Amino acid sequence: MREMVVYAVLRLALFGAVWWLLTLLDIGVMLAGVLAALLSMLVSILVLDKARDRAAMRWKAADDRRRAKRGPMVDEDAEHEDALLDSAESSGREEPSDHQAGQQQH
C-alpha cells in the first residue's frame with residue numbers, strides 16, 4: 001500500500017509543480033491545468049518508472065493473495081457442457097457442430 005501512495009503523491013506533486021510553473025508563465029489557469037495534466041503524465045511515464053513498477057508489483061502480489069484465498073474459479077456451465085459432450089461420446093452418438101447444422105437447414 002505504501003508504494004501506491006508514494007507513486008500517487010509523486011504524480012500529484014509533479015502535476016502541481018508543472019501547473020504552478022505554467023501559471024507563472026501567465027498561460028491561464030484552465031489551459032495550464034490541461035497542459036500540466038498532459039506534461040506530467042508524459043514525464044511520469046519517463047521518470048517514475050521504478051515507483052510505478054514497485055506499486056504494480058505490490059498490487060499484483062495483493063491480487064495473487066486474494067485469488068489464493070478464494071480458491072480456483074469453477075465454471076459450472078462449462079462443466080455441465082463437458083458432461084453432456086462426454087455422455088454423447090460415450091453413447092457413440094456424435095453431436096452435429098453449428099456449421100453442420102447450418103448446412104443441413106439450407
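Just so it is clear, the structure is predicted and the values come from calculations on it, not from any experiment.
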Do you know the tightest heavy-atom contact between G33 and F15? O-CE1, 3.6 Å
Any side-chain heavy atom of L14 within less than 4.5 Å of one from L10? no
Would one find more than 12 heavy atoms of other residues, nucleotides or ligands at under 6.0 Å from atom CZ of R66? yes
Does L22 share a hydrophobic cluster with L31, counting links as ILVMFWY side-chain heavy atoms below 4.5 Å and allowing steps through other members? yes
Correct closest heavy-atom pair for L48 and R11 would be CD1-CG, 3.8 Å
Distance, nearest 0.5 Å, that separates CG of D64 from NZ of K60: 4.0 Å
Quick check on the hydrophobic clustering: are L21 and M30 connected, directly or via other members, by side-chain heavy-atom contacts under 4.5 Å? no
CH2-CD1 distance between W19 and I27, expressed to the nearest 0.5 angstrom: 12.0 Å
Shared hydrophobic cluster for L25 and L35 (ILVMFWY, side-chain gaps under 4.5 Å): yes
Output the distance between atom CG (D53) and atom OH (Y7), rounded to the nearest 0.5 Å. 9.0 Å
How long is the gap from CE on M4 to CZ on R52, to the nearest 0.5 Å? 15.0 Å
Could you pull out the closest heavy-atom pair between T23 and A32, with the gap in Å? CG2-CB, 3.8 Å
Could you list the residues that satisfy salt bridge (Lys or Arg N to Asp or Glu O under 4.0 Å) with R67, not counting sequence neighbours? D63
Does L12 share a hydrophobic cluster with V43, counting links as ILVMFWY side-chain heavy atoms below 4.5 Å and allowing steps through other members? no
Same cluster for M41 and V18 if Ile/Leu/Val/Met/Phe/Trp/Tyr side chains link at under 4.5 Å? no
